[in-house]
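The structure under discussion appears below in the form of structure tokens.
Counting from 1, the numbers follow the sequence of the chain as shown. None of these values were measured; they are calculated from a predicted model.
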Amino acid sequence: GLTRQEIDGLLWNSIDFKTGKISIRRSETARLKTQAREGDVAVDPQTLARLKEMKKCAKGTFVIE
């Protein structure tokens, strides 16, 4: 799972809708507690479908606006 901080900094381009994974990487917008937090997180089909719907209405680069 993701921490609140990781979710707050999550960008749409971190989500791979084809593979169903979210890529967690340290960046200017994503501060991770440890380097071990970097990696890919699998997303279940229901959540992935909801994210696709959310992206259609997105106005910016962040998942959580």
Side-chain angles (χ1 to χ4, degrees):
L2 303 176
T3 65
R4 179 179 289 167
Q5 204 169 29
E6 292 165 348
I7 294 168
D8 287 346
L10 188 63
L11 301 173
W12 283 113
N13 65 5
S14 298
I15 302 172
D16 187 333
F17 289 99
K18 291 181 182 179
T19 64
K21 294 183 180 179
I22 296 175
S23 179
I24 304 300
R25 302 286 182 260
R26 188 179 307 258
S27 70
E28 284 185 28
T29 61
R31 289 177 271 158
L32 308 179
K33 286 184 178 182
T34 66
Q35 190 170 354
R37 296 287 305 164
E38 287 190 330
D40 295 333
V41 177
V43 180
D44 65 84
Q46 281 183 300
T47 303
L48 196 61
R50 179 67 181 122
L51 287 167
K52 284 181 185 179
E53 289 300 312
M54 288 173 61
K55 187 173 182 183
K56 290 177 186 178
C57 301
K59 296 176 183 166
T61 58
F62 289 96
V63 175
I64 306 297
E65 296 179 349

Please enumerate all residues that pass side chain to side chain contact (heavy atoms under 4.5 Å, CB included) together with Asp44, with sequence neighbours excluded.
Gln46, Thr47
Residues two or more places apart in sequence or in another chain: which of them pass salt bridge (Lys or Arg N to Asp or Glu O under 4.0 Å) with Asp40?
Arg25
Would you mind writing out the side-chain donor-acceptor pairs for residues 48-64 within the sub-3.5 Å range, not counting sequence neighbours?
residue	atom	partner	partner atom	Å
Glu53	OE2	Lys56	NZ	3.1

